[in-house]
K.L.:
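Below is the structure I would like to discuss, written out as structure tokens.
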Amino acid sequence: MSTDFQNARIALGARLRELRTAAGLDGKGIAERLGWQRSKVSRLELGKQTPTPGDLGAWARAVGRPELTGELTGRLSGVETRYRSWRRQLATGHRVRQELAIAETADTKAIRGLEVARIPGLFQTPDYARATFAANSEFRQAAKDIDDAVRTRIRRQQALYEPGKSFRFLVWEAALYVRMCSREVHAAQLDRLVGLIGLDTIELGIVPLGAELRRTPAHGFWIYDRRLVIVETIDTEMWLDDEDSIRLYERAWDWLAESAAYGAQAHRIIARARASLDTA
């Protein structure tokens, strides 16, 4: 199954092929002009290899269109900035990514989010966050800056108390039971969730396991105002800012919000998960 990243790279390759054809060159001809192997030309045109900015500048000159270098590198930037590998983002640990989250939150008035397997970072206790970062560092074999990452995540939570901001989150009920920490830490985290219900800047909805849904909660995502959607996969974080993507994720959020429980009902669902820890 192709991904948006692959599709974007294929589209860039098609543009390179279009420019080559317009210049009256075949694959062998442009390879000779560039001093490349014919196989590299083929991989770039088929979207099987990501070009470097230098590759694109050389291509533009080879087809006699150096003025198009900016267009081609702009297309490459769009491919690279929308899809950010975790390996690159966490090369020095988690703190840098958490600082970026603080900046995005500061620039945003309304955040809507969905989490299906964990508690949203904005609502995490320090101990729960520490367990999350530790597990993620081990899984990704990333630098371990756990304490710095926890401090930065907790600092981000100051935004929850800023007048004029809005945080509307949906949590799939199953996430209340996913435990990657001790029972005591998990219990304290659920207590923290209950304590947030009723805060004027927060709307917390729990999507019950037995609810009738128009849309299944396939994966988590966060919507920042109407300008950005951030989606996390196992190896990549996608930053989507095009209107079609934003509308699609807004629809997914709205459909799930229809089935969520709020207020006292959400409190009861969390309390049920909390009670299960005492009987496990």
Side-chain angles (χ1 to χ4, degrees), residues 1 86 94 101 111-140 149-150 153 156-157 160 167-199 202-224 229-238 240 248-280:
M1 180 181 294
W86 284 115
H94 285 79
I111 295 180
R112 287 168 288 173
L114 167 70
E115 290 290 357
V116 300
R118 64 187 175 197
I119 306 304
L122 277 168
F123 300 160
Q124 291 178 6
T125 65
D127 287 339
Y128 185 97
R130 182 171 290 104
T132 300
F133 284 129
N136 204 36
S137 293
E138 182 178 3
F139 175 71
R140 301 189 187 284
V150 170
R153 173 160 286 180
R156 183 190 185 194
Q157 295 179 5
L160 296 174
F167 302 89
R168 302 175 65 195
F169 275 84
L170 303 173
V171 176
W172 181 233
E173 183 182 352
L176 304 177
Y177 294 87
V178 174
R179 187 163 63 82
M180 297 182 66
C181 52
S182 69
R183 285 187 176 86
E184 292 75 16
V185 168
H186 196 78
Q189 177 61 73
L190 295 180
D191 290 341
R192 159 77 167 160
L193 273 189
V194 169
L196 292 173
I197 295 176
L199 192 64
I202 295 173
E203 180 184 77
L204 175 60
I206 306 297
V207 182
L209 287 171
E212 182 176 347
L213 306 174
R214 284 207 288 164
R215 170 71 193 176
T216 58
H219 56 74
F221 57 86
W222 292 39
I223 306 171
Y224 291 76
V229 177
I230 297 181
V231 184
E232 179 179 334
T233 70
I234 288 179
D235 66 343
T236 305
E237 191 177 55
M238 299 186 292
L240 309 175
L248 184 67
Y249 278 94
E250 285 184 323
R251 188 181 311 125
W253 195 92
D254 289 341
W255 283 19
L256 284 164
E258 294 173 357
S259 301
Y262 300 91
Q265 188 178 359
H267 189 165
R268 286 193 294 272
I269 294 172
I270 299 170
R272 185 165 63 234
R274 173 69 169 79
S276 73
L277 293 170
D278 299 328
T279 59

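Positions are given from 1 along the sequence.
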K.L.:
Between I234 and F139, does the side-chain contact (heavy atoms from CB on, under 4.5 Å) criterion hold? Intermediate values first, please.
P.N.:
CA-CA 10 Å; I234 288 179; F139 175 71; 4.0 Å; yes
K.L.:
Return each pair, listed once, that meets side-chain hydrogen bond (donor to acceptor under 3.5 Å, both in side chains) where at least one residue sits in residues 252-263; pairs must be two or more places apart or across chains.
P.N.:
R214-E258
K.L.:
Return the CD1 to CD distance between I230 and E237, rounded to the nearest 0.5 Å.
P.N.:
5.5 Å
K.L.:
Do any N or O atoms from the side chain of W86 and from the backbone of T233 form a donor-acceptor pair under 3.5 angstrom?
P.N.:
yes
K.L.:
Please work out which of the three classes, parallel, tilted or perpendicular, describes the rings of Y128 and H186, given edges at 30° and 60°.
P.N.:
tilted
K.L.:
Do M180 and T132 make a side-chain contact, defined as non-hydrogen atoms from C-beta onward lying under 4.5 Å apart?
P.N.:
no
K.L.:
Once you round to the nearest 0.5 Å, how far does CD of Q157 lie from CZ of R192?
P.N.:
5.0 Å
K.L.:
With no hydrogens and no angle check, is any side-chain donor or acceptor of E203 less than 3.5 Å from a backbone partner on L170?
P.N.:
no
K.L.:
How about L213 and V207: do any of their side-chain heavy atoms sit closer than 4.5 Å?
P.N.:
yes
K.L.:
I need the I206 CD1 to L193 CG distance, nearest 0.5 Å.
P.N.:
6.5 Å
K.L.:
For the OG atom of S276 and the CG atom of L176, what is their distance to the nearest 0.5 Å?
P.N.:
9.0 Å
K.L.:
R251: what forms a salt bridge (Lys or Arg N to Asp or Glu O under 4.0 Å) with it, not counting sequence neighbours?
P.N.:
none
K.L.:
Does E115 use its side chain to pair, donor to acceptor, with the backbone of P120 at less than 3.5 Å?
P.N.:
no
K.L.:
Distance from N136 atom CG to R118 atom CZ, nearest 0.5 Å?
P.N.:
7.5 Å
K.L.:
Would you name the heavy atoms of C181 and A131 that are closest together and state the gap between them?
P.N.:
CB-CB, 3.7 Å
K.L.:
Aromatic rings F221 and Y249: how do their planes relate, parallel, tilted or perpendicular, breaks at 30° and 60°?
P.N.:
perpendicular
K.L.:
When rounded to the nearest 0.5 angstrom, what distance separates CZ in F167 from CG in L160?
P.N.:
5.0 Å
K.L.:
Can you name the nearest heavy-atom pair linking R183 to L277, along with the distance?
P.N.:
CD-O, 3.6 Å
K.L.:
Are I270 and I197 side-chain neighbours, meaning at least one heavy-atom pair lies under 4.5 Å?
P.N.:
yes
